[in-house]
Structure formats: C-alpha cells, structure tokens
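Within every chain, numbering begins at 1; the chains are lettered A, B, ... in the order of the sequence lines, protein sequences first and strands thereafter. What you see below is based on every heavy atom in this structure, not just the backbone, and it leaves out hydrogens, waters and symmetry mates.
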Amino acid sequence: MGQKITIDPVTRVEGHGKVTIYMDNDGNIEQTRLHIVEFRGFERFTQGRPYWEAPVLVQRLCGICPVSHHLAAAKAMDVIVGAGTGEGLTPTGEKMRRLMHYGQIFQSHTLHFFHLASPDLLFGVDADPLKRNIIGVTIENKELAVQGVLMRKYGQEVIKATAGKKIHGTGAIPGGINKHLSTEDKEYLLNGLEPMNINKMIEWSQAALDFFHEYHSKNKDLIDNFSVFPSSSLSLVRKDGALDLYHGVLRAVNAEGKTILHDIDYQEYYKYIDEEVRSWSYMKFPYLKELGKNAGWYMVGPLARMNTAEFIDTPVAQKEFLRFKAYTKGKPNNMSMHMHWARLIEILHSAEMIKQLLNDPDILKGELLTKGQKQLEGVGLIEAPRGTLFHHYKINENDQIVMANLIVSTTNNNQPMNEAVNFVANKVMKGKLKITEGMMNAVEVAIRAYDPCLSCATHALGQMPLEISLYNVNNELIDLKRSY
Amino acid sequence: MDKVPEILIYGYGNPGRQDDGLGIFLSEKIDNWIKEENILSVKVDYNYQLNIEDALEIADKNLVIFIDASKEEINDYYLTKVKPSDRLEFTTHTVSPSYLLNLCKVIYNKTPDIYLLHIKGYKWEFLEEMTEDAKNNLSKAYDFLKEFIVNNKNYINNTS
C-alpha cells in the first residue's frame, strides 16, 4: 500500500512548513517535499515608501533577526545615496554597524545552540520532547543553560547600545550610522560586572565549543552521519578570502571545493543567480544560472561560510577553524550536524570581533555619514545568522521605492533543506507504517540544523501544535500524531 | 512613594503585521500613561517575540503582565493566569509565557505571578495599519489595564 506522510510543524498563525513524504507500496521513499504554504509577499511592503524608511520598515519582516534586515537594507540604501558599497562608509559608520551585526550573530547563534541544539545533543534526537528543551538542559546542566540565557542577554545589550529600541531600531541610516557608542555603553560591554563582559563571553564561547567536542567524540555517528549529502556553498567573503559576515564579494564552491562563483561584486548578483518557482511551495528555489536549475543549487549559513572562507582573522576562532578544516582534510564539509560546530565557531569569532571593535576609538568619535551622488538602484548583502541575505531596491525620481527583491537566507537554503529531509526520511522512515516520536524529531532536527525562519514575524496566540498525518494511497488518514 | 519597579508590563508582536502589533501598541500607550501618572513601581517593555533571556527580565519581578494579540474565539480581550509549562517549540524563534515562567523557575528559583492579556486581532498582513475592530479592542484593553495597574501597583507576591 502506498502512503503519504505529512509532517506539519505549524508554529505561526499563517506561515508554516509542511513535510510530505511519499512511499511506494513496498515502503520505499519515492519523494519528499518541504512545502512552505504561506505567501509572504513582503517585497510589496516597501513599495511606494521613501527609500530612507526602508532600514526601519524591513525590520518588521522578521522578529528574530530584524538587525540583519535593517543592515541589508541600509547597505542597499548606501548605494542609493552614493555612499558606495561597503568600503564607502566612514570608519565610524562601518565599525558601529559591524558591532551591531556581530551582536546580532552572537545572540542569534547562541539562541539556536542552547535552545535547540544542546537539548538534542544532551538527550538524543529520539528523547521525550518534554525533556528535550532548554528546561531539560537546565535540570541536567544548569551552568550551560544559565550561560545560554546570559549570552543571549549580552548580545541583545550590544544591539540595544548600537541600534536603540528593540522594535524601532534606527542605528543604521543610508550612508552610515546615527550615533557613536557612548562611553558608558562601551565600558559596560567591555568591562561590565561579572559575568556580563566580553571576556566572559569569549570564555563561555570557548566552553560551548569544548562541550560540542566532548559530545562529538562520544557520538561520532550521529554528528558525522545523521544527514550528509553533497552540496555547493555560497557566502560573502572578504576580498582576501577571510570570513566576513558584514561585507565582501560573493563566492561559491562546489562539494569538491572547486570555486564555481568567483568573488563577484554583489551589485550584479542577478547576472549569476536566479530563482525557480515550483508549484508546490511558495518559497522559491535559488540557483546559479551557469549550472542550471538542477545542479546550481547551494546552501548558505554557518557551514557554507566555513566552506567558502580561507581563514578567520581573529586568533582564537582561527585555531578552531583550522581544526574544523582539518577534519575534512581541507575539503568542503557537508555534514549537516557540523552546522552546529560552524555556528559555535562563529559565536566565538563574533565575540572576538565585538571585543576588537569595543577597543577601537573610531566607535566613540568621528564622522558618521558619507554622502555622494544619488543612484536609482542599490543592492545590499549581508551574512545573516542563517546565511546570505539579499536586498535589492529601485527608486524613482521622487525617492519612492518602486521595486524590491529580497532573497532571504531560508530561501537560499530551500533545496538543501529538501535534500536533508530526503536523506533522513530514507534513513529513518523507509518501510515504516507508523510515525514514531523519534521519526518526527529526526526530520525536524534535519530541518532545524538550518535554523529556518519560515514565518517568524507573526506569532499571535492560537497557534497549532506540530502535527504529522499519515495517509494511504487513497488519501485516507490512517495515523495522526501531534506534539505539544 | 512607589518602590522600584516590581511589576512588568511586557507586550510582544509585530506592528508591521496589522493586528499582530496589539501587544506593542498597548504597551506604548500604557508606558506613556505610567509616566504621566508617575507610577514608579511599574516597568514597561516590548519586543517582537518573547525569548529565553526574558527569564532574567521577569526573575526579579513580583507581577508580570504579558500582552499579545490573539486569534482565539474571544470577544475583545481577556486575562488569564499563566502556569509553568515545558512545551517545546519547533524553532528558536519564540517562547510562550508559560515556558518562560518554567525556565525562570528552574534557573532562578523564582516564580513571579504572571498573567497574559489576550487581545483579539483579525488581520495579519504586511501592513502597519490595525483593523478598526482591533483598535476598539485595544481601547477596551487599555482601560482595563489601567485599572488593573492602579489596583495592583503595590502588588506583593507571597509565593516567590
């Protein structure tokens, strides 16, 4: 009997992902799909609005990483006000934005590791979901959980000091930044009372890596083999090949490490990247034009960035980067669970960058803004926590936005997430007629490694639980599971 | 004179998605009113989502009132007491008040009294304008919350 299994992780009022797994009569996996069933249409959100409003407006797109949208839009608007593409800002403008951005990366990655990854690591992917969360972590390892909460808090404090209010952040403006860091905020973030200071954050970032390594040494099969498939990787890199989360050129390498996108100026990204529409999902499928729809897909995010970068220019993270690269003998790493390792390296790098920037006198004084000849089009790219984020705008002579195209990180990861679901479904569901808790979570873990943001901007009460439905070949419901 | 803030009013939601911003808008209105009335025992905060670091925010409070937009079948607004829960969310992107209370309890051994003010919303598109029905509900909830604060501004939590 053929079957269709549907995993329905509904977490927001309108937007959610749904996994459908089709089995043939012998229980073999025929096809898997991760559907995105909400049409977001957020490009329309900005049309007709004055261009200078965009950096504030676009924060509404995502409640969990508003800073990334804020900065990507600001970078596009830098081009429009004639301030250039990244290198054109004043030292103060660029460094304050970087400080804001590394604060965002630090808090977002910390949340993912401590809130989602560490429970899976501590208790296993098939553990009781009532235990497999940060409350379970607290009971098992209180120190780890407390560190997670305080590291999140620290990252938020960096954002608050640079961007202002949580909801109406205004730090980055077209051409630069609207203020210097105050000496009080600098002192608080640099030398605050224990544990809220940057040295402690660096220490805890290293401790989180130690935790991961210890776990990895005892659970190699899970970490190395849970979800592995060949994938190309795309990200910004600095012109000299260093990891750079704020600015650079666009590079892609294939699964063997061959460069397939050669450090292009992202103002021309549309010459190299296109998006395919598939009838069964509202989320598009980006791909490199030169390689075509089938072979041109790529992943973005922490693992992709480790694959494209040649080195990290902060000392402690660089040591860890060398260890990471040595694990695959310098070849690209396509083990999905190593995304957690890569994320932890970026937490450490971000903490080191925050310290470096806090000690830089340019953040306390100097010119804030750059002005130039106005342009009618601009592209802003940034490495958001979940991967490369594209913002592309055109304006008219009245300064109104007439076109906006956004490719968000999760969209870039659309095909890799589908590949991950397919890999895991083949591994844990093949030949099974009932959905177990462990199967549900295995599929979720595969998707969650990418930390997808399916519709995080709206969350009103009344949300539904996770649901899996199992249908037979006649579309009759034969099994239903919900997790609360 | 009122003491340092021991009551927290915390709205959350997205003001860029129509009625989802109800929690934010009410928090902003209440914040202005509290400043006018010089009520020092109440602190107001707001954000897009609740998240784990908010456990720290509520740990030293006696009373917390979260405010959120609601799709539930209610008339306009209602207040419920929050109980600890360890329900797992699918993503990292939000936590519930009850999850937060539980986290606060296990990390800091504190259990502030927490209420959730549900305000009925109707539309959730990418627009900054709330619906008229939501505005009416906001107005009613505002009056209710002012009275609630006046009656509880020196609130003492006997359990934490």
Side-chain angles (χ1 to χ4, degrees), chain A residues 9-14 16-17 40-42 44-45 57 59-64 66 107-108 111-112 114-116 119 129-136 138-139 142 145-146 148-150 152-153 155-156 166-168 444 448 451-454 456-463 465-466 483-484, chain B residues 11-24 27-28 45-57 59 68-74 80 84-97 99 102-108 116 118-121 124-128:
Chain A
V10 180
T11 57
R12 300 292 182 277
V13 285
E14 304 151 286
H16 62 279
R40 301 187 70 184
F42 44 45
R44 289 179 306 181
F45 191 56
L57 269 179
Q59 294 176 74
R60 308 281 188 256
L61 302 179
C62 176
I64 199 69
Q107 61 93 19
S108 178
L111 178 66
H112 186 271
F114 288 94
H115 187 51
L116 275 183
L130 292 179
K131 187 180 179 188
R132 203 186 57 238
N133 56 46
I134 197 166
I135 290 169
T138 310
I139 294 165
K142 188 169 181 176
V146 170
V149 170
L150 291 174
R152 266 286 293 186
K153 178 77 175 169
Q156 296 282 18
K166 294 172 187 171
I167 291 282
H168 307 295
E444 282 184 40
R448 283 200 307 234
D451 199 12
C453 194
L454 302 181
C456 61
T458 305
H459 63 85
L461 289 162
Q463 61 194 14
L466 169 69
S483 69
Y484 293 90
Chain B
Y12 53 99
N14 185 347
R17 297 201 72 167
Q18 291 189 284
D19 300 347
D20 195 46
L22 275 163
I24 304 295
S27 296
E28 289 177 332
D45 201 355
Y46 42 87
N47 206 343
Y48 288 101
Q49 313 276 0
L50 292 180
N51 229 307
I52 57 172
E53 67 276 11
D54 293 317
L56 192 61
E57 179 84 0
D68 194 6
S70 175
K71 281 192 82 184
E72 298 157 300
E73 293 301 318
I74 57 176
T80 53
S85 160
D86 48 10
R87 178 181 154 185
L88 179 71
E89 305 287 346
F90 173 66
T91 74
T92 60
H93 303 177
T94 185
V95 297
S96 67
Y99 188 91
N102 203 4
L103 189 59
C104 183
K105 185 179 169 187
V106 294
I107 290 184
Y108 299 110
L116 175 60
H118 313 231
I119 311 175
K120 175 79 172 172
W124 320 90
E125 297 301 318
F126 275 116
L127 289 172
E128 291 193 302

Contact check, side chains of Glu128(B) and Gln18(B), non-hydrogen atoms, under 4.5 Å
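No, too far: nothing below the 4.5 Å cut-off.
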Correct closest heavy-atom pair for Tyr12(B) and Pro97(B) would be OH-CG, 3.3 Å
Taking every non-hydrogen atom, the tightest pair across Leu50(B) and Ser96(B)
CD1-C, 4.2 Å
Could you tell me which portion of [X] (side chain, backbone, both or neither) has an atom closer than 4.5 angstrom to a non-hydrogen atom of chain A?
X: Leu127(B); result: backbone
X: Asp19(B); result: neither
X: Glu57(B); result: side chain

Going through the checks in order, is the salt bridge (charged side-chain N to carboxylate O under 4.0 Å, His left out) test met by Lys153(A) and Glu53(B)?
CA-CA 5 Å; Lys153(A) 178 77 175 169; Glu53(B) 67 276 11; over 6 Å; no
Which answer fits Gln107(A), side chain, backbone, both or neither, if we ask what part of it has an atom under 4.5 Å from a heavy atom of chain B?
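Neither the backbone nor the side chain of Gln107(A) comes within 4.5 Å of chain B.
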